Amino acid sequence: MADFDLDLREAEAQLDDMPSDEVVLGVLNGETEDAEWVQSITQGNVLVLSVEGDLNELAAGFAREIKDMGGELMHFREFLIITPPETAINTDRL
């Protein structure tokens, strides 16, 4: 029988990098770092952010990066909806 080497510590580290597939509710008011929103999308989360202020100004630091990675952004009422790549926003019922 051949030797089988399984490093469980390495496997656990890989689990931390897996997408979380959560819907994250938050407030877009300039207090959260842009990199935090990008990281959340990179992890596979959908963001629903209540916009408090000028949307263009508040999203300027992360919107292009998320679009470039294939994510979608949509302003709906007082919210900014942001989805990761491979998760489409369906607007058929609007």
Side-chain angles (χ1 to χ4, degrees):
M1 184 173 201
D3 288 327
F4 184 75
D5 185 24
L6 177 62
D7 184 353
L8 293 178
R9 282 174 274 171
E10 181 65 28
E12 279 184 13
Q14 295 298 320
L15 288 175
D16 290 338
D17 295 334
M18 294 186 69
S20 63
D21 297 328
E22 294 179 339
V23 175
V24 176
L25 304 178
V27 178
L28 183 60
N29 58 9
E31 292 182 16
T32 302
E33 295 292 327
D34 295 332
E36 192 173 325
W37 298 130
V38 173
Q39 180 183 13
S40 188
I41 292 298
T42 302
Q43 293 171 339
N45 296 319
V46 172
L47 302 177
V48 179
L49 305 177
S50 177
V51 179
E52 293 184 356
D54 181 75
L55 174 61
N56 292 326
E57 184 179 305
L58 292 169
F62 63 84
R64 176 60 50 203
E65 186 174 352
I66 290 173
K67 284 186 151 206
D68 288 348
M69 73 171 67
E72 289 190 47
L73 295 94
M74 173 172 274
H75 186 213
F76 180 69
R77 301 196 181 198
E78 301 91 31
F79 298 95
L80 179 63
I81 314 299
I82 309 172
T83 61
E86 302 175 8
T87 303
I89 298 174
N90 184 328
T91 59
D92 291 348
R93 295 183 180 242
L94 293 180

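A quick note: this is a predicted structure, and the numbers were derived from the prediction, not measured.
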Worksheet entry | Interatomic distance, Ile89 atom CD1 to Glu72 atom CD [nearest 0.5 angstrom] | 5.0 Å
Fill in: Rounded distance (nearest 0.5 Å) linking atom NZ of Lys67 with atom CD1 of Ile82
11.0 Å
Item to complete: State, yes or no, whether a side-chain contact exists between Glu78 and Val51 at a heavy-atom distance under 4.5 Å.
Response: no
Worksheet item: Cluster question for you: counting only ILVMFWY and a side-chain heavy-atom cut-off of under 4.5 Å, with indirect links fine, are Phe62 and Val46 together?
Response: no
Worksheet item: What are the two closest heavy atoms between Arg77 and His75, and how far apart are they?
Response: O-NE2, 3.0 Å
Practice prompt. Verify the cluster assignment for Val23 and Met74: are they in a single hydrophobic cluster under the rule of side-chain heavy atoms below 4.5 Å apart?
Written response: yes
Practice prompt. Compare every heavy atom of Pro84 with every heavy atom of Ile41, then report the nearest pair and how far apart it is.
Written response: O-CB, 3.5 Å
Worksheet item: If you group Ile, Leu, Val, Met, Phe, Trp and Tyr by side-chain heavy-atom gaps below 4.5 Å, do Phe79 and Leu73 land in one group?
Response: no
Worksheet item: Same cluster for Leu28 and Ile81 if Ile/Leu/Val/Met/Phe/Trp/Tyr side chains link at under 4.5 Å?
Response: no
Worksheet item: When rounded to the nearest 0.5 angstrom, what distance separates CG in Leu47 from OG1 in Thr83?
Response: 9.0 Å
Worksheet item: Do any N or O atoms from the side chain of Asn45 and from the backbone of Glu22 form a donor-acceptor pair under 3.5 angstrom?
Response: yes
Discussion item. Quick check: do Thr42 and Met69 have side-chain heavy atoms less than 4.5 Å from each other?
Written reply: yes
Discussion item. Ignoring hydrogens, what is the shortest heavy-atom contact between Leu49 and Val27? Give both atom names and the distance.
Written reply: CD2-N, 4.4 Å
